[in-house]
Peer 1: 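Just dropping this structure here.
Computed from a prediction, not measured in an experiment: that's the story for all the values here.
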Amino acid sequence: MQPSEVTPPDNQTTSKFAGRRLAAELFGGAVLGFTGASLGGPGLISVWWRPLAGDGISCGGPVKEALAQFVRFQLTSALIGCVGIALISFFSRRAWRRRVAARDT
């Protein structure tokens with residue numbers, strides 16, 4: 001057997017793991033975004049939400065609205081985290097490859 005038959009070319013190996021790496025980056029970004037929303041969200045929601053003067057006796061409606069806003073905020077933050085981590089890792093990998101290519105030439 002020749003070595004080329006045993007190991008795939010670099011581009012095939014890279015493309016094979018690219019999907020897994022992207023999935024891990026998106027998951028990590030989602031976890032960071034969700035954690036950030038969980039830690040900072042209640043304070044932010046309390047700034048956005050103002051109790052209505054006519055709703056002084058029963059606050060069930062405003063509380064449900066605030067919780068719905070908080071859930072939307074968590075999901076939006078998770079999405080922003082996914083995209084942010086994916087972009088940061090894409091550009092850092094690209095810069096690293098350019099640096100290695102420049103050093104090798």
Peer 1: Would you compute the distance between atom CD of Gln74 and atom OG1 of Thr35 and round it to the nearest 0.5 angstrom?
Peer 2: 9.5 Å
Peer 1: Indicate, with yes or no, if Val31 and Leu26 share a hydrophobic cluster defined by side-chain heavy-atom contacts under 4.5 Å among Ile, Leu, Val, Met, Phe, Trp and Tyr.
Peer 2: no
Peer 1: Report yes if some heavy atom in the side chain of Ile80 is under 4.5 Å from a heavy atom in the side chain of Thr76; otherwise report no.
Peer 2: yes
Peer 1: As a quick check of understanding, evaluate side-chain contact (heavy atoms from CB on, under 4.5 Å) for Arg99 and Arg103, giving each step before the final call.
Peer 2: CA-CA 6 Å; Arg99 188 177 301 148; Arg103 183 179 40 165; 5.8 Å; no
Peer 1: Once rounded to the nearest 0.5 Å, what's the spacing between atom CZ of Arg94 and atom OG of Ser89?
Peer 2: 12.5 Å
Peer 1: Measuring from atom CZ of Phe34 to atom SG of Cys82, what distance do you get when rounded to the nearest 0.5 angstrom?
Peer 2: 12.0 Å
Peer 1: Can you measure from CZ (Phe17) to CG (Leu22) and round to the nearest 0.5 angstrom?
Peer 2: 15.0 Å
Peer 1: Could you tell me which residues satisfy salt bridge (Lys or Arg N to Asp or Glu O under 4.0 Å) with Arg72, sequence neighbours excluded, listed by chain and number?
Peer 2: none
